[in-house]
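Right, one structure below, let's go through it.
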Amino acid sequence: MSARAEVVVIGLGPVGAVLSCLLGQAGLRVLAVERSHEVYPLPRAAHFDHEIMRVFQSVGIADEALNHAEPAGAYEFRNAAGDLLMDARLDAQGLSGWAGSYMFNQPGIERALRARLAAMPNVEVRLGDAFQSYVQHADHVEVTLAGGDVVTARYLVGCDGARSAVREAMGVALDDYQFDEPWLVVDTIPVDPETVPKVNLQICDPARPTTCVRMGPGRHRWEFMLAPDETAEQAMAPGFLEALLEPWKAKVEIERKAVYRFHGLVAKQWRDGRVLLAGDSAHQTPPFAGQGMCSGIRDAVNLAWKLDAILGRGADDALLASYQTEREPCTRSYIELAIHMGRIVCSRDPQVCAQRDAMMMAALAAGAALPLPPPHGPGREGGVFVAGDVAAGTIFPQFLAEDGGRMDDALGAGAWLIGGETGNGLTGFALDDVRLAPFRAAIEAWLFERGAEAVLVRPDRYVFGAGDADALAAAWHQRVAGEACPA
């Protein structure tokens, strides 16, 4: 059997599901293929940030997401004696108009995304099938599925995880950060909520580095680092986990457990013509900064607006050259931060740990900056931005109205030219536009601080540039057509 689609997405975890939702909302014909019939049942991501909540808002699942997530609250590093080494609050409002960080239950979010896809007539979700191979042609790619179907598509995106079959078919190697640590990860349901910690904890104990975090309403997670002489089989055997949990005196029901090796890896190439990689297929991040899934969803958002520009708005295919250029620097910065934090947590040398504890407690007492995820934006060199513009590549804030209304809902999807006229795929908003009224004061203050009359905001809500409206519009049309921005 032969079928047609504009984009074939392989893998329907959060990254593939978000990408499929965004492409579907843009009106493109999408085939999303997932080998499993059910949402993946084992422990995976536990954290996302304000930018990802803004993405969930954009695909219409924010209210449902809040049923499975809660603001992260406090995040503490403590040593084996219980001394506080680092303390942070993660729930202050972020630039995207949501709490800075959330702890969540991933299966609930995935089900919400799949329900959203099911409501889109232009998106076909095919469960129980898998990618087998592809053949590229000048204007399309033929994708052969394990079930025997051959699908003709304009683009193929592999969102099929760390063992990506799409990446393997591309023949792409991985850059390895040489960080490889085995951990037993356990999701639980508290029987007595008063017996589990109220804050998120990293226990920097050389005898057994341990993580203990909330996972959204009614759930809690422990992660235990395995010793060099402990195997995954031992860790999964009856009694092993129970012995580790016993000192916590937590009354919980074990929901699921798995042994993972935490890696730092980046694919050397994220694109081969009409075939692209996103999420864990392109990079893998240790969990210590809580940015693995977030980075993958940022890939999806970056790819979605560019594929829409090409397939729906006539942009040149060369636009995709900016995908890895923009995403890789940001991704590497989070991987490197996660590894830095992981090495703080994972040290097993008592003398080294004692020195670490003393340094961290001194830094805490001195009010030193915390090594938490900074607001890394896309790589600007070679990206779709106005060259030399200091605002370019930063998140444009989502301002809130007094009645709680959110700016993104009022202004809609696509690229915005705020302070300018509409045209050629841009939605223009004069500053006296009624849709801006609840947010006008905040927008005008943002422009005033930058000495700009207008701002052009990309569909992924990063700033393309700020300045003269006509010049911004001209630069956007040239850049999205695959040409260089004027100096």
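These numbers were taken from a predicted model, which means no experiment stands behind them. Side-chain atoms are counted along with the backbone in the values below, which use heavy atoms only and exclude waters and symmetry mates.
- Residues L22 and S58 share a closest heavy-atom pair of CD2-OG, 3.9 Å.
- Atom CG of residue D280 and atom OG of residue S164 lie 9.5 Å apart, to the nearest 0.5 angstrom.
- Checking side-chain atoms of N105 against main-chain N and O of M215 turns up no donor-acceptor pair under 3.5 Å.
- D205 places no side-chain N or O within donor-acceptor distance of the main-chain N or O of P209, the cut-off being under 3.5 Å.
- In this structure, Y323 has its ring center closer than 6.0 angstrom to the ring center of W270.
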I would like to know whether E64 and H68 meet side chain to side chain donor-acceptor pair (under 3.5 Å); could you show each step before the answer? CA-CA 7 Å; E64 180 63 19; H68 306 285; 2.9 Å; yes

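- Checked by atom type and distance alone, the side chain of Q234 pairs as donor or acceptor with a backbone atom of T231 at under 3.5 Å.
- Ion pair E38/R114 not flagged as a salt bridge, since none of the NZ, NE, NH1 or NH2 atoms sits closer than 4.0 Å to an Asp/Glu carboxylate oxygen.
- Between the side chain of S322 and the main chain of L319, a donor-acceptor pair closer than 3.5 Å is present.
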Yes or no on side chain to side chain contact (heavy atoms under 4.5 Å, CB included) for V266 and L174, after CA distance, side-chain angles and deciding distance? CA-CA 5 Å; V266 180; L174 295 166; over 6 Å; no

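- The CG atom of L19 lies 7.0 Å from the CG atom of L307; values are rounded to the nearest 0.5 Å.
- The number of heavy-atom neighbours closer than 6.0 Å to CZ of R450, taken from other residues, nucleotides and ligands shown, is above 12.
- The six-membered or imidazole ring of F48 lies near that of F56, with a centre-to-centre distance under 6.0 Å.
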Where do R219 and E253 land on the salt bridge (Lys or Arg N to Asp or Glu O under 4.0 Å) test, with the steps shown first? CA-CA 10 Å; R219 283 182 165 81; E253 174 188 330; over 6 Å; no

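- A cation-pi contact, defined as under 6.0 Å to the ring centre and within 45° of the axis, links R406 to W98.
- Across V463 and A391, no two heavy atoms sit closer than the pair CB-O, 3.4 Å.
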Test side chain to side chain donor-acceptor pair (under 3.5 Å) applied to H47 and S101, step by step: CA-CA 7 Å; H47 165 271; S101 289; 3.0 Å; yes

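- Taking every heavy atom of both residues into account, C159 and V15 meet most closely at SG-CG1, 4.1 Å.
- Contact annotation: the side chain of P107 never approaches that of E255 to less than 4.5 Å [non-hydrogen atoms, C-beta and beyond].
- In this structure a side-chain-to-backbone donor-acceptor pair under 3.5 Å is missing from R221 to R214.
- A heavy-atom distance below 4.5 Å is not found between the side chains of K251 and P190.
- Geometric assessment of R461 against the ring of W416 yields a positive cation-pi assignment under the 6.0 Å and 45° thresholds.
- A donor-acceptor contact shorter than 3.5 Å is absent between the side chain of E326 and the backbone of N302.
- A 6.0 Å sphere centred on CG of D63 holds no more than 12 heavy atoms belonging to other residues, nucleotides or ligands.
- Under the 30°/60° scheme for interplanar angles, the aromatic rings of H220 and W222 are found to be tilted.
- Proximity of a side-chain donor or acceptor of S281 to a complementary backbone N or O of G161 within less than 3.5 Å is detected.
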Test side chain to side chain contact (heavy atoms under 4.5 Å, CB included) on V199 and V213 and set out the steps. CA-CA 7 Å; V199 299; V213 295; over 6 Å; no

Please test M360 against L84 for side chain to side chain contact (heavy atoms under 4.5 Å, CB included), starting from the C-alpha separation and ending with a verdict. CA-CA 9 Å; M360 291 185 71; L84 184 65; over 6 Å; no

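- The shortest distance between side-chain heavy atoms of I335 and L265 does not fall below 4.5 Å.
- Using a 4.5 Å cut-off on side-chain heavy atoms (C-beta onward), S295 and R327 make contact.
- A donor-acceptor pair is defined here as one N or O able to donate and one able to accept, closer than 3.5 Å; no such pair exists between the side chain of R111 and the backbone of V39.
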Stepwise, does the side chain to side chain donor-acceptor pair (under 3.5 Å) test hold for E76 with N200? CA-CA 6 Å; E76 297 178 355; N200 302 301; over 6 Å; no

Between L277 and V157, is a side chain to side chain contact (heavy atoms under 4.5 Å, CB included) present by the stated rule, with each step listed? CA-CA 6 Å; L277 301 174; V157 185; over 6 Å; no

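- Taking 4.5 Å as the limit, some side-chain heavy atom of D272 sits within range of a side-chain heavy atom of Q136.
- Of all the heavy atoms in V196 and A250, the pair that sits closest is CG1-CB, 4.0 Å.
- Using a 4.0 Å cut-off between charged nitrogen and carboxylate oxygen, E34 and R126 do not count as a salt-bridge pair.
- In this structure, Y134 and F131 have tilted ring planes: the angle between them lies in the 30° to 60° band.
- Using a 4.5 Å heavy-atom cutoff, the side chains of L184 and F240 are in contact.
- Considering only heavy atoms from C-beta on, F385 stays 4.5 Å or farther from T394 through its side chain.
- Under the 4.0 Å criterion applied to side-chain N and carboxylate O atoms, R208 and E230 are assigned as salt-bridge partners.
- With R271 contributing its side chain and L276 its backbone, the two residues share no donor-acceptor pair below 3.5 Å.
- Residues forming a side-chain hydrogen bond (donor to acceptor under 3.5 Å, both in side chains) with R154 (at least two apart in sequence, or on another chain): none.
- Annotation: salt bridge (charged side-chain N to carboxylate O under 4.0 Å, His left out) contacts involving residues 168-181, sequence neighbours excluded, comprise D175-K268, D175-R332, D180-R261.
- For G393 against P378, the heavy-atom pair with the smallest separation is O-CD, 3.4 Å.
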Side chain to side chain donor-acceptor pair (under 3.5 Å) evaluation trace for Q57 with Q398: CA-CA 11 Å; Q57 175 193 348; Q398 177 171 214; 2.8 Å; yes

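- With salt bridges taken as basic N to acidic carboxylate O contacts below 4.0 Å, none links D187 and K257.
- Every residue meeting the salt bridge (Lys or Arg N to Asp or Glu O under 4.0 Å) condition with D49, not counting sequence neighbours, appears here in chain and number order: R298.
- Neither side chain, Y260 nor E223, offers a donor N or O lying under 3.5 Å from an acceptor on the other.
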Before you tell me yes or no, could you show the steps for W183 and F288 under ring pair (Phe, Tyr, Trp, His ring centres under 6.0 Å), namely the whole-Å CA-CA distance, both residues' side-chain angles and the distance that decides it to 0.1 Å? CA-CA 12 Å; W183 286 67; F288 302 103; 5.7 Å; yes

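- Within a 6.0 Å radius of CE in M359, other residues, nucleotides and ligands contribute 12 heavy atoms or fewer.
- Classified by interplanar angle (parallel below 30°, tilted 30° to 60°, perpendicular above 60°), the ring pair F396/W446 is perpendicular.
- Shown here is E242, whose CD atom has more than 12 heavy atoms of other residues, nucleotides or ligands within 6.0 Å.
- Within the 3.5 Å criterion, the main-chain N or O of G279 finds a donor-acceptor partner in the side chain of D299.
- The closest side-chain heavy-atom distance from Q106 to R44 is below 4.5 Å.
- Of all heavy-atom pairs spanning H50 and S96, the tightest one is ND1-OG, 2.9 Å.
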